[in-house]
Amino acid sequence: MTKPTIGARRTVADQVSIEPQRMIVEEKIDPGQPFPSQCEIAARLGASRASGREAISALSAAGLVQVENGRGVFVRAHNEQSSSESPEN
C-alpha cells in the first residue's frame, strides 16, 4: 500500500473497501452475485470485522452493493451505480 499524502488520511475501512470497489467497478464481480460477508472481507484483507462492516456500508452508500437483511449483500447492476463509479486512489 502507498502512504497517504498529508491531509488525505484514510481509515482502515476506507483501505479495506478499495480493492472490492475496484473489482466491482472493473466488472470482475457480476451484478446480482453475492458479495463476501463482513468476516470474509476482513479475513482476506487482514482487518477487523468492524472494518469489514464499515467497508460494506461505504460500498452500499456508493451504490455498488445492496444489503438485503436476512439474505446477504449483493453486487448492484453496473448501470444502477451512483455517478461516482471510479474508486478513490
Tell me yes or no: between the side chains of Glu54 and Ser51, is some donor less than 3.5 Å from an acceptor?
no
So do Asp30 and Val75 actually touch side chain to side chain, heavy atoms under 4.5 Å?
no
Just so I know, are the side chains of Gln21 and Leu59 near enough to count as touching, which here means a heavy-atom distance under 4.5 Å?
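In short, these two side chains touch, coming nearer than 4.5 Å.
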Before giving the answer on side-chain contact (heavy atoms from CB on, under 4.5 Å), spell out for Leu64 and Phe35 the whole-Å C-alpha distance, their side-chain angles and the decisive distance to 0.1 Å.
CA-CA 10 Å; Leu64 297 171; Phe35 194 74; over 6 Å; no
Go through the structure and list residues passing side chain to side chain contact (heavy atoms under 4.5 Å, CB included) with Ser60, not counting sequence neighbours.
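Partners of Ser60 under the side chain to side chain contact (heavy atoms under 4.5 Å, CB included) test: Val65, Val67.
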Smallest separation among heavy atoms of Ser48 and Ala42, with atom names:
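Closest approach of Ser48 to Ala42, heavy atoms only: O-CB, 3.2 Å.
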Gln66 and Arg76: which non-hydrogen atoms are nearest, and at how many Å?
N-CG, 3.7 Å
Test of understanding: with side-chain hydrogen bond (donor to acceptor under 3.5 Å, both in side chains), list the residues that count as partners of Glu68, not counting sequence neighbours.
Arg71
side-chain hydrogen bond (donor to acceptor under 3.5 Å, both in side chains) partners of Ser57, counting only residues at least two apart:
none
Is it possible for you to say whether Ile29 and Phe74 belong to one hydrophobic cluster, with membership spreading through side-chain heavy-atom contacts below 4.5 Å?
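Looking at the clustering, Phe74 is in a separate group from Ile29.
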